[in-house]
Structures are given as C-alpha cells and as structure tokens.
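This report refers to the structure that appears directly beneath it.
Every chain is numbered from 1 and lettered A, B, ... according to where its sequence line falls, protein lines coming before strand lines.
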Amino acid sequence: MKYDFNAIEQRWQQHWDNARTFATPNPGESGFDASKPKFYTLAMFPYPSGAGLHMGHALNYTATDIVARYKRMRGFNVLHPIGFDAFGLPAEQYAVEHNVHPRITTEKNIANMTAQLKRLGIGYDWDRAFATTDPDYVKWTQWIFTKLYHSYFDPVANKAASISTLIEKLEGEDYYVGTDGELIVSGATESLEPLAGIGDPNIHKWTELTQPQRERLLDEYRLAFMAEVEVNWCPELGTVLANEEVTNEGKSERGNFPVYKRPLKQWMLRITAYADRLIEDLDHVDWPGSIKKLQRDWIGKSIGAEVDFRIDTLGATNAEQRNDKMSGPDETIRVYTTRPDTLFGATYMVLAPEHPLVDTITRPQRAEAIRAYREQAASKSSIDRQTDAKEKTGVFTGGYAINPVNDEKVPIWIADYVMMGYGTGAIMAVPAHDSRDFEFAKKFDLPIIDVVADKPTAAIYAYVERHDREPELFTDTGEEKLRKSLVDFVAMCVNQDETDYDKVWGVVNFWRQDKTGTEDTPEPAQGRGSIAMIWQDALEPLMADGIEKLFELARERRLGTISGNAFVATEGALSVNSENDEVSLNGNPAEYAKYKITHYLETKGVGKEKENVKLRDWLFSRQRYWGEPFPILHGPNGEIRTVDETDLPVNLPEMDDFKPSGSDDPDAPPQPPLGRAGDSWKTVTIDGVAYTRELNTMPNWAGSCWYYLRYLDNKNSDALVGESAENYWMLSEKSSGEGTHAGGVDLYVGGAEHAVLHLLYARFWHKFLYDLGVATTPEPFGRYFAQGYIQAYCYRDERGFPVDASKVVNANGRPAAEVEGQKGESFTCEGEQVTEEFGKMGKSLKNAIGPEEICEQYGCDTLRLYEMYMGPLDQSKVWKTADIVGVHRFLNRLWRVVFNEDSGELRVTDDTPSEELDRKVHATVKRATESMEAMAFNVAIAAMIELNNELVKQDAPPRSAVETLVQLLGPIAPHVAEEVWQKLGHETYLADTDWPTWDEAKLVQDTIEMPVQVNGKLRAKINIPTNSDQDAIEAFAKEDENVQAHLDGKTIRKVIVIKGRLINIVVG
RNA sequence: GACCCGGUAGCCCAAUCGGCAGAGGCAGUGGAUUUAAAAUCCAUCCAGUGCGGGUUCGAGUCCCGCCCGGGUCACCA
C-alpha cells in the first residue's frame, strides 16, 4: 500500500466540501462558541483572470490556510473566507479579447479558480464567498460612494461628517469662509488665526454668499467630487488612470500603453483629507517597516512655508505696462518651499508650464518662445518627460519678481521640471542648495550664491566679512599672517562650536597682533596646535590659488559651489549671507533658521508655515464598461443628485457592444461605453425632471476597498455588515496592553506590490466607514505580512527572447529543471543555444510552472510543503523543481513509518517511547509551535523532518510519538495527515483535535555537555549534572586536563559561567 | 540618485538575551536494491559567516565605513 496522494487528496477535499468543515458561524448562529477567541485571516483578494492561479497565489493561500488550520487547533474561532475581485480592466480586457460578455467570462473564470483553490486543499468558508460584481455587493459599494458624496472632512473634529452638518455650522457661524474658500473657525484661538490666510483675511459669512457660491463651496468639501484635473489619459485603453496605475516609464500598468497628461473633468475622492490619519495610524498596525515606509513616502508629508513673490513691473517698458492689465500692486506668485531658510539664495523663479500666471508674466518679446515651449511640454507624454529628465529645459518669460527678503529682482522662467500638481506649481530656485536648481542655473548661466554652508565655510564667510569691514588691521601684515589668522579663526569656530563670530574675531586679532592677553583671553584653537593644523589641512585646497582668490570667492558668495555640486545638507550646516536690516539668519542652524524666517515672513504678511503632501486626490472615474456604475444623476442645469438608497444598486445596462473606444490619437475625447447605452437606462425622470446617469464607472479598486467587511456578514441585505458580526470579527483584544494592533483582520497576507494601491485605498475607505460608525476599528488590517516573490530560472535565445523553459535541455539531454543553476552547464532549446538567467516566475519570461502540474505529479500536500520549505515566507526565493523530491520523500518516509508498504499493516505500537525519543517529541512540539507562531514554516517543517528521521530508525514506532508528528503536520499537509490520523483508528477528525503541547521538564537531561573556553577559545567539553550550580560548574571545568594545561602558570582573572551554555575562563 | 531588505557549505536555508557555527533539504561521493536505468534505502563529504575597522571575556548576531545582490521610489521644491 503505497502513499497514493491522488486518492487521498481527492477523498479529503470532497469530504471538506460536503461536510462544510471550515464554515464558521457568526455570533448568534447555531454552533457558535462564544467562549473561544476569534482569529480572522485573509489572503489578498484574487482576480478571476483567464490565466488561473499561479505559484504566487498558491504560496499566498497556502500560508493563510496553514495559519487558519493551526489557529483552529489552538482553539480559535477562525474566519478564513475567499471571494473574487471580478470587476475591472483585466477581466474586461480578457472579455474583449475573447469577444464575449465580461459577465460570462468572469463567471467561467470564477468557477475555474474555485476548482483550482479546492485542488490546493485550502480550507475556506465557501458559504461566505461572493464576487464584487454581484448586484448585492455592488449595491453597498455604491451606497458607500453616496455617503462619500454627502460627507465632508471636518478640520476641527478631524473626521468625516455629513454635508448637512457643514451647512449647519456655516449657518450658525461656527465657521466662516476665507478668501481661498478655507474654513475659519469663529472665535478661533490665535493659533487657528493663520487659517485666515495672508494679509487681510477677508472673511465671509455664509449669509453673504449667493446660492451658486454656496453650492460651489460645498462641492469644494465633499469627499467625492467632480473636478477638472490633469489626468493620466490612456488613449489605447480609452480611459483615465490613477497615478498609482501608471508605471515609472509612463505606461499603463495594465497593457503597457502610453499615458498622456491632459485636463479632464472627473470624479475624485478626497483621500488627501485623511493624509494625517493615514500616516499617524501606521504607528498602530503590525506591518512590515518597509511597507509602512513606502506608504509614508507616498503620502509624502512635508512642512515648509508658502512665500509670496511680488511680480516686478519696473523692468517692463512704459508701453508694455500700459498694455499690461495685471501690473497691479497685489499681483504675486506664491511658492512652496521646504527650505525657507534658503530664501536669501533664491536667484530666480520657475513656474510649471501650465501655471495660470504664465501669460500674465510673459513679456511680448518672449511670448512666442513661451508659447512654443508650453505646447511642447503639453504634448509630451510622461514617458518623454522621463527620458528627457537628464537634460533640464526651460524658457525665460522676460518677467521678474521681487525676493521679499532682500528686494532683489529675480528672473522668472518656466520649465517642466516644476510640476503643476505639487505645492503651488511655482518654485523659488535656490541653485546653491538644490541639485535640480543647480543644474538648471548652470545650464542657463543663472547666479548661484551660498546661503547655507558647513561650519568651516560659514566661518570663512564670517572672517572675510569682518576682514573687509576692518581692512586697516591688516595693512602692515603679510599673506602668511593673514593665512594663520584665518586658520585660527576657522579652527576656533569649528572646534569650540562657536558661532559668536565677533567674539572669535576679537580673540584671534588679539593673538595675531602678538599682544599679550590678560589671563582671561583664551588662546585661539588652543594655542594654534594640532587641532588648528587639521583645519589648515582642510583649508589648504581652498587657498591653493592664493588667499586673495579665496577672499574673492567669498565676496561673490560662491565658496560652497566651487565643488560643482549643490550643498544640500541641513545637519550641521549654518546659514550664511542671509541678513537684511530686520532679520539675520547668519550662524543659525537650519532648523532654527527655518523657524526664524518663517516667523519673519508671517509678521511681514508675505508668507506662512505650510504643510504639504505629495499624495493627490484619488481619480475615481474610468471610461470602461466593466465596473460599478456611479449612483449619480445629472440634472438639466448641471445639478447633481445621488440615486436614492432604495433604488440601489444601479446595474449595468445590457449592451451588445461594451468595448471601450480606444484610440491611438492622444487628443481624441474619452467616450465611455455607457454613452452608447439605451435611453431607457441613461435617462431617469424624477418629479418631472429628466436626469442623465453618470456614464463613467468606478475603478476596480472600489470593490477591494471593503470586501473584508462583507465576508463577515455577506447575506445581510439591510446593511453592508451587521453590527454584531462586525464587532466580533474586527475588534481585537490587545494582548499585552502594548497598543500595536489597531484591530481588524488579524493576519493579512499578500504581495508587497499592493503597498501603495490597495492597502492605501482600503485604509482610506475604512477610516471613512469608521467615521460613519459602520466600522468600529480605525484600521482594516491589524497585521499585514508581505510574502516574497517566487523566482525561477529562465532561458533566452540568441536574439534575447525568452524561450519555453520546459523545453530546455542540457548537453546530455537532461531537462534543465533537473540541473538548473549549476555551474558549467550549457543549455539548448530545440537545438538552439540558449543562455540561463533568473527572474520572477511568470508568463513573460516563459518560466511559469502551474500549481496543477505539481499537484498531479506529487500531490498538493507536497506542493504546500515545498512552497513553505523553500525559505522564509517574507523573502523572495527561487523555484527549483528538482528540490521538490526532498519534501516528497519526507511524506513517503512518514507513510512507511506508519504502514508496512507491502502488507498495508500498521507498524505503530503502543510501546512507551524511550526517554530520548520522548524528549525529541517534546522538543519538536516546542520548536514547531514557536515556528508556527513566527510564521517560520520552513523551520517548523525542518523540525518535523528531524523527528520523522528519528522515527524511521525505530523498529516499532510508538503511537504517541507518531500521532504527535501527524498532528503537527496537519496544518501544512492536511490530506495525508488526516488520512493517517483516520487509519490510526481515530473517530474524530484531526482538524478538530487540539494542537499538541510540550512539557518543558521533559526537555531537561540529567547530564549536559558544556563547552569550556579559555580566553574565548574552546579547550574542552565536559559532561556535568544538569542541576550543578555555578561553583560546581566552575570546579568541574577546572578539573579538565586540557583546561588545566591552558591555565597552567597563569592568573585567573575572571570566570564566566552561562548555565547550560558555556564556561569561559579568562586568564592573563 | 535616495530609501528598504538581504549576503552563513557547490546550492536553498537553521542558529532564542551576544555564548560550542549546522538542524533540515538539494546536489555530490560510496554502498544496497535492479538485467539496466529511474525511483527508493543506508552511509558520507563540505564553510568559519561578503570586506575592513570597533565594542566585548566572547560577535553570524551590536556599532561605524565599504562591496555585492534583490526590491521600491524617483525632477515632490
């Protein structure tokens, strides 16, 4: 009776299906056991694509299944559901390519994937499964959207609230409206006053606004809103894309088509309102640090200042001024900077080509050049911008602005290295301290002046300034003395961290003039000693061309940039050349200088502190058929209303032609497929008013933003999730009072490629639902585990194209899979020479291996074992088919431990295991348990193999030891474990048994071998009674002959005894 | 370019609070079985932890500086 994995796996999979073994009741349902703790685990939502499951899926689903089965044995109520993210581009592309309705292909793919999942033996609660395309689910996705539309983000409460609340607050004058439409809290404390904007706050009351103004104001605050924005337009896909869906190369993530920037009116979600909470709450989730960092960087919060530069009209001729309607005194360009401390070094300005003030600023003689440049910039796709990024381009507008801190006139340029989408779309360029500005200034020969320097350079600036102020001090001295004096000055400033330059100046001059000081006068740089020499060395290169040259550079404020690079450091750097009659930053460290200048700007009314985020609002419209229709109706006068809750869901119209209108012309207007739907769908008449439905659809991310909540209560028709189910499954008790788990899914496993897409969008929606009171935890996924990729060898022919890896053989005709990765092999594919490489397993490299072929050949238990044994789950690892036999042998060996293969008889006996074997069993349980908890399944499996190797040696394997091993194996290789368990005579299923425990006392041996070191070198190993105390251990160690030899004639200085570990005797 | 992760035997990987570098698997080698091969079984070989410093009685583990590999982001002012 051989190990027949096919029959075994088929039998148990059928059993689990029929018996609904992994169905989990909710609170209040029959069979629910309230005494057990809960555990909610989830793998990432799969797309039911035509290609089916790949190895990465198998890895992901096996991992959560193992944890689910393990936790079940540990006495948890385990929720482990699955469903399908069935809307969206991939499903639609597949449907288009195969010319069938997406619903049909989607259903077929779901059926196919369901069968594949069952073939892997994953223990899902299938009763909870659904697809995002189910009308029942679409209804609640649309419901959430209507709530977003009717909500705003309250800046005081820091949470979402109903738009009607905002109206109440405006009517009740809790809030006023500022010039930029910002909300101003009435009776605000002084700290809130800056919200009022720069200069005259010009505060409006709600009653002063006209009805259209009011509508517009409210629209400014809705969490779902329409806006004309620069979007990523992909003509080939016929749709716009979110920033996150565009690759680095400026191509669409789906299909790899070119993407262009163009302004379009689209639905947006105000994710930026949640930026702070999305950052802050990362502190409370148990996620990999790298993923948290990716999210923080993507949100990209920075604190800097907004500064207003007045446009200068003096440069214009009288004739120009007469024609220039915009030369009023209030016309300013607002810039955002994170380095306000460098404001004195702003020598020019750059506007994004799309900046609205460009036309105003441009002088007539520059107009043609500007027009040409803007046109060129607009026509570039992001890929071109990317390619051209190496070389800075730009055009001078002919206009100037006034630097508010020093009244210097600075030229205004436009350049595509400044983006309209970030900050204010305009920058003050500080070429000395920003590498992009530096490059640009070099290319167009714009002035570069230092305003920040490291400490020695700052000291030189201070010295030269004082030298030039009192030149008479130096009339009778030579260059040598000047040089020494400078070195002293710099050395004293740097070594004593002194920025009171006048004081140092005094001291240095005192000594320079060879005067005798009073007792109080410190010697510069401690007597011109060695410390001064160090700085002399550092300064020598600067003075190579003579000290006069150095002075010259300092007077030109160019000391820092002669290196040919911008000096961008803030740590340890000091401001220089930054003072006017009212404020001086000189000698101040950057952080303080920032604070000081920002405060100065505020008092002058030309700037204020400003927080900024890189994160953009989420573009939510797609011009596609296969997505959730918006529950939105457009009225004849442009008014918008949401579809009533009772009329949800809005289902997609049946259409014959659902294909998107793609085009290779980037200027063709978007034509959503729903525009071709019949009028009976498109037009809705309510109270005699004919409304048109919104014709765009939602992006595929919509459905995956809240699916984990629907699993909890997927049959509920009154709410997206019922309260008791949500409370039970989402609220997690904090285990130790350490508040690291913010609730939600207890273990979420998936690939890191979703770090800034799904994981950010879902957190945003969840926080909104939390504000609504639908969700009771601030975060959706309390713990997230990012699994590594599966990589594989791949082969390319002479032209560099990948060839089918399964057809590649080595020189002896052996399949590559058996010898891959070994040195000195040469490979051919159908007679042609190919080269071996290494990359992510997949279709594009033609090196994919389907889970199904492995299941057929070895069984899914072996596949599950192998995938977990390859290495740590969070790391990428290489697929090697040849290695699979290792774990397959393990299962075979285990089978033969239990059964006599020839007779089919059980080999196990009821003998008591030997003390040694018993110790091994307990040690294995301990190691396996700890490894399972740490998700180090590779280590857990190794421990099991070890124990099995012990059992192989037994002529009569004791039942207790075998059963323990089988139980440990259960979560990972459930079919064979269950089969053996049953054959061992058990009535209950292994899945329903308790996880084995270990007895720490059983691990202790009577005697223990301990290494003895002398001076850290191993000199002996001694066997001593385990319970020996420190003194006894030391005495035993000293008895050893070899140890004595090494102690001979030496003094024992110290004896380190680590009980159970080692003894180290230090002699000298 | 910036950031994150990793580097232990021919290969994949273990090694608890800093405490004897080796558990497990693959490959290799020798043997058993076999007409032969595959499969299977038994036995066995193999490194001082990428490099250079430092802390320590003691470093794969901690600190500093590099090198290599993988990943992510990338004109974000």
Side-chain angles (χ1 to χ4, degrees), chain A residues 248 288-294 297-298 300 302 304 335-339 342 350 352 385-386 388-390 392 415-419 421-430 433-437 439-440 612-616 752-753 755-756 786 788-789 791 818-823 838 840 865-866 869-872 874-880 882-890 892-893 896 901 927 930-931 934 936 938-939 941-946 948-949 952 1009-1018 1020-1021 1053-1068:
Chain A
N248 286 343
S290 58
I291 303 291
K292 288 188 184 185
K293 195 172 180 328
L294 279 176
D297 288 353
W298 188 264
S302 65
V335 303
Y336 173 73
T337 176
T338 54
R339 294 293 304 274
T342 64
V350 185
R385 275 205 185 192
Q386 179 76 24
D388 298 347
K390 288 162 222 133
K392 292 267 179 299
D416 65 6
Y417 84 92
V418 174
M419 248 93 18
Y422 183 75
T424 61
I427 61 156
M428 60 173 213
V430 185
H433 308 296
D434 180 289
S435 46
R436 294 150 302 172
D437 296 344
E439 259 177 68
F440 192 84
N612 230 321
V613 290
K614 282 199 277 185
L615 182 71
R616 308 285 83 213
E753 67 272 18
V756 292
Y789 295 115
Q791 298 175 298
E818 290 174 19
V819 291
E820 60 197 1
Q822 288 175 34
K823 277 177 192 149
F838 180 68
K840 191 173 160 184
L865 265 172
Y866 174 64
Y869 193 60
M870 286 168 82
D874 58 347
Q875 270 164 46
S876 292
K877 47 230 145 186
V878 185
W879 179 273
K880 282 171 95 176
D883 284 0
I884 293 175
V885 295
V887 284
H888 193 60
R889 279 176 197 151
F890 162 52
N892 270 305
R893 281 150 64 98
R896 286 195 302 268
E901 256 188 334
R927 190 136 185 252
E930 288 172 352
S931 302
N938 54 327
V939 182
I941 295 166
M944 294 173 208
I945 293 176
E946 239 179 285
N948 190 49
N949 288 348
V952 165
E1009 189 188 63
M1010 271 180 77
V1012 185
Q1013 297 181 337
V1014 179
N1015 280 353
K1017 289 205 172 62
L1018 184 66
K1021 289 187 180 187
R1053 300 205 182 275
K1054 201 173 175 184
V1055 180
I1056 293 131
V1057 179
I1058 311 291
K1059 240 185 156 180
R1061 290 285 182 190
L1062 57 55
I1063 305 132
N1064 188 13
I1065 303 170
V1066 185
V1067 297

Which listed nucleotide (B:U40, B:C75, B:C4) is nearest to the side chain of A:Arg896?
B:U40
Protein-nucleotide distance (A:Met944, atom CE; B:G25, atom P), rounded to Å:
14 Å
Evaluate the ring planes of A:Phe440 and A:Tyr417, with Trp represented by its six-membered ring, and classify them as parallel (under 30°), tilted (30 to 60°) or perpendicular (over 60°).
tilted
By the Watson-Crick or G-U definition, both distances under 3.5 Å, B:A9 is matched with none
Interatomic distance at C1', B:A43 relative to B:A36, whole Å:
24 Å
Considering only heavy side-chain atoms of A:Arg889, the closest of B:C41, B:C57, B:A77 is B:C41
Please classify B:C68 as syn or anti, treating any glycosidic angle within 90° of 0 as syn.
anti
Of the listed B:C4, B:G70, B:G25, the closest approach to the A:Gln791 side chain comes from B:G70
How long is the line joining CD1 of A:Ile945 and C1' of B:C26, in whole Å?
11 Å
When rounded to the nearest Å, what value does the distance between C1' atoms of B:C63 and B:U56 take?
12 Å
Between B:C5 and B:C75, how far apart are the two P atoms, rounded to whole Å?
23 Å
Calculate the interatomic distance between A:Asp883 atom CG and B:G10 atom P; express it in whole Å.
16 Å
Expressed in whole Å, how much space separates the C1' atoms belonging to B:C4 and B:A23?
30 Å
Does B:A77 have its OP1 or OP2 closer than 4.0 Å to a side-chain nitrogen or oxygen of A:Asn612?
no
Using whole Å, what does the distance between atom P of nucleotide B:A27 and atom CD1 of A:Ile884 come to?
12 Å
Closest to the side chain of A:Lys880, out of B:U40, B:A77, B:C11, is B:C11
Separation between the C1' atoms of B:G52 and B:C46, rounded to whole Å
27 Å
Checking understanding here: a glycosidic angle within 90° of 0 is syn, the rest anti, so what is B:G48?
syn
Complement of B:G18, any strand, by Watson-Crick or G-U distances under 3.5 angstrom:
none
Note: for A:Asp437 and A:Lys293 on RNA chain B, the residue whose nearest nucleotide lies more 5' is A:Lys293
A:Asn949 side chain near A:Arg893 side chain, heavy-atom distance below 4.5 Å
yes
note: A:Tyr417, atom OH; B:G1, atom C1'; distance rounded to Å ~ 17 Å
Output the rounded distance in Å from CG (A:Asp434) to C1' (B:C75).
9 Å
Taking A:Ser302's backbone N and O only, do any of them form a donor-acceptor pair with A:Asn612's side chain (distance below 3.5 Å, no angle check)?
no
Which sits closer to the 5' end of RNA chain B, A:Thr337 or A:Val887, going by the nucleotide each is nearest to?
A:Val887
Short question: side chain of A:Lys880, backbone of A:Val878 - any donor-acceptor pair under 3.5 Å?
no
Write down the atom of A:Ile884, the atom of A:Trp879, and the distance for their closest heavy-atom approach.
CD1-CZ2, 3.6 Å
Measuring from A:Ile945:CD1 to A:Leu865:CG, what's the distance to the nearest 0.5 Å?
7.5 Å
Side chain of A:Tyr869, base of B:G24: donor and acceptor closer than 3.5 Å?
yes
Please check if the side chain of A:Lys877 supplies one atom and the backbone of A:Pro872 the other of a donor-acceptor pair under 3.5 Å.
yes
Using a 4.0 Å heavy-atom cut-off across all strands, classify A:Val952 as base, sugar-phosphate, or nothing.
sugar-phosphate
C1'-based separation of B:C45 from B:G6 [nearest Å]:
29 Å
Figure out the CG/P separation between A:Asp297 and B:C5, and round it to whole Å.
13 Å
Of all the nucleotides listed (B:A14, B:U72, B:A77), which has the minimum atom distance to the side chain of A:Pro872?
B:A14
If we call it a pair only when both distances are under 3.5 Å in a Watson-Crick or G-U wobble match, what pairs with B:U56?
none
Base, sugar-phosphate, or nothing: which does A:Gln1013 touch, judged by heavy atoms less than 4.0 Å apart?
base
What's the spacing between A:Arg889 CZ and A:Asn948 CG if we round to 0.5 Å?
13.5 Å
Within a strict 4.5 Å, meaning less than it, do heavy atoms of the A:Asp437 and A:Ile427 side chains meet?
yes
Considering only heavy side-chain atoms of A:Gln875, the closest of B:C26, B:U40, B:G6 is B:G6
Checking N1-N3 plus N6-O4 or O6-N4 for Watson-Crick, or N1-O2 and O6-N3 for wobble, each under 3.5 Å, the partner of B:U40 is B:A32
Applying the Watson-Crick and G-U wobble criteria at under 3.5 Å, what pairs with B:A2? Answer none if nothing qualifies.
B:U72
Take the protein atom CH2 of A:Trp298 and the nucleotide atom P of B:C73, then report the distance between them rounded to whole Å.
7 Å
Could you tell me how far B:G69 sits from B:C12 if I compare only their P atoms? Round to whole Å.
15 Å
Would you mind classifying the nucleic acid contact of A:Asn1064 as base, sugar-phosphate or nothing, using non-hydrogen atoms under 4.0 angstrom?
base
Between A:Arg893 and B:G24, is there a side-chain N or O to OP1/OP2 distance below 4.0 Å?
no
Check the phosphate of B:A77 against A:Tyr336, side-chain N and O only, distance under 4.0 Å to OP1 or OP2. Yes or no?
no
With respect to the phosphate group of B:G25, does any side-chain polar atom (N or O) of A:Asn949 fall under 4.0 Å of OP1 or OP2?
yes
If the cut-off is 4.0 Å, is A:Arg927 near the phosphate of B:A23, judged by side-chain N/O to OP1 or OP2?
no
With the side chain of A:Lys392 defined as its heavy atoms from C-beta on, choose the nearest nucleotide among B:A77, B:C75, B:A23.
B:C75
For B:A39 versus B:U49, give the span between their C1' atoms, rounded off to a whole number of Å.
37 Å
